[in-house]
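Just so you know, ligand 1 is whichever comes first in the structure, and atom 1 is the first atom listed for that ligand.
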Amino acid sequence: MSHVAKRMQRIAPFYVMDLLAQARKLEAEGRSIIHMEIGEPDFDTPAPIIAAGQRALASGQTHYTPARGLPALRQSIAGFYRERYGTPIDPDRIIVTPGASGALQLVLSVLVNPGESVLMADPGYPCNRHFVELVEGKPVSIPVGPETGYQLTAEMVEAAWREDTKAVLIASPSNPTGTLVSDGEMQRLHDTVQRLGGVLIVDEIYQGLVYGQAGGTTLRFADDLFVVNSFSKFFGMTGWRLGWLVAPQNFIDPLDRLAQNIFLSAPTLSQFAALSAFTPEVMEILEQRRQAFEARRDFLLPALRDLGFSIPVTPQGAFYLYAGCENMCDDSHALAKELLEQAGVAVTPGLDFGAHRPEAHLRFAYTTDLEKLSEGVERIRRFISMSG
Ligand SMILES: Cc1ncc(COP(=O)(O)O)c(C=O)c1O
């Protein structure tokens, strides 16, 4: 008899991990693989942040910090909202966490009672379902498509609301679709969730990576919601495991207590390094990277459409394209395997993002340079012409 807890039956692995392992195996055999499956920037952490981390290590910053994070870092994050988004936030409402993952775990743990449900979009970030499962809540996935920019709307939330619904989790820009919720719709979502007596959680992890528009924060028009963010994507710090949560004031005490118990604190060196993340020098580097991502999107989007993939909504953020492959196959997982083995291109199958038509979608991440993206497109073109 297995001693593994029953809840683990509901925690699925990432299918892309098998693919990644296969890609590494092929590379070890000498094959060249173009990686478009990876959900993290190819850019290293900006040099000034690394230097700040090295200084912190050299000066012996190797102890715990307060559970809520270094006060100076919470001040800096508040300054970021004020200066970049014109939104003043009380640093007391900010909790520094081990990545957005830590923030999501905290917020769902303090909010969701066993049996309560959390609404979320399908396709969506797969871990969200599992975080809800871990606290014995019920993840309720709502199918979304191009009609709503692959995002939930206030009407959809209202239609799906049940007696046991506690919260709605939105990611804008979204993983895997890169699409945003407009300001007007976010306001309606917020008002609807309030009226229904629930709580809105907005994952803004891709906030800085927005193209063709200024970008913003949901905190601009409300403070009775939770906002999750991270140093992983825009700041290029995935491996440092650092993020944050902005919460309503009356949740700070339970969040602090839980953070003390499950994390003690976010990584100290990472926090000291991140103190340098908001300097003009780093912001300049990050802006150049943002523009590089935009140029990649502008190359890859028409190129994939030209190959026959359907991408009906132009994504305005993150670094993903969620491409319909219904014209070329009825099993995107099999297609992803063939693309890897026969064309040497790694992409993520839709299966990783939910149950709503996953077999008809692949996620392309433009986390590799233009030259490689271009080579990847050519390889797919040859693969399609040979299989067709
Ligand atoms: C939408 C979304 N939220 C949260 C995370 C977790 O990121 P991290 O824990 O590295 O901050 C990711 C990572 O891919 C993501 O795509």
- prompt: Does Leu111 share a hydrophobic cluster with Val228, counting links as ILVMFWY side-chain heavy atoms below 4.5 Å and allowing steps through other members?
  reply: yes

query: According to the interplanar angle, ranging from 0 to 90°, do the rings of Phe353 and Tyr322 count as parallel (below 30°), tilted (30 to 60°) or perpendicular (above 60°)?
result: perpendicular

query: If every non-hydrogen atom of Leu258 is compared with every non-hydrogen atom of Ser109, which pair is closest and at what distance?
result: CD2-CB, 3.3 Å

What does the contact table look like for ligand 1 (nitrogen or oxygen on each side, cut-off under 3.5 Å)?
| residue | atom | partner | partner atom | Å |
| --- | --- | --- | --- | --- |
| ligand 1 | 3 (N) | Asp203 | OD2 | 2.6 |
| ligand 1 | 9 (O) | Ala100 | N | 3.3 |
| ligand 1 | 9 (O) | Ser101 | N | 3.0 |
| ligand 1 | 9 (O) | Ser101 | OG | 2.5 |
| ligand 1 | 9 (O) | Arg241 | NH2 | 2.7 |
| ligand 1 | 10 (O) | Ser232 | OG | 2.7 |
| ligand 1 | 10 (O) | Arg241 | NH1 | 2.8 |
| ligand 1 | 11 (O) | Ala100 | N | 2.7 |
| ligand 1 | 11 (O) | Ser230 | OG | 2.6 |
| ligand 1 | 11 (O) | Ser232 | OG | 3.2 |
| ligand 1 | 14 (O) | Lys233 | NZ | 2.6 |
| ligand 1 | 16 (O) | Asn175 | ND2 | 2.8 |
| ligand 1 | 16 (O) | Tyr206 | OH | 2.7 |

- prompt: Do Arg357 and Ser332 have side-chain atoms, one donor and one acceptor, less than 3.5 Å apart?
  reply: no

- request: Over 60° means perpendicular and under 30° means parallel, so classify the ring planes of Phe80 and Phe278, tilted if in between.
  value: tilted

message: side-chain contact (heavy atoms from CB on, under 4.5 Å), that's the test. Do Ile252 and Asp92 meet it? Break it down for me.
response: CA-CA 8 Å; Ile252 295 301; Asp92 255 9; 5.9 Å; no

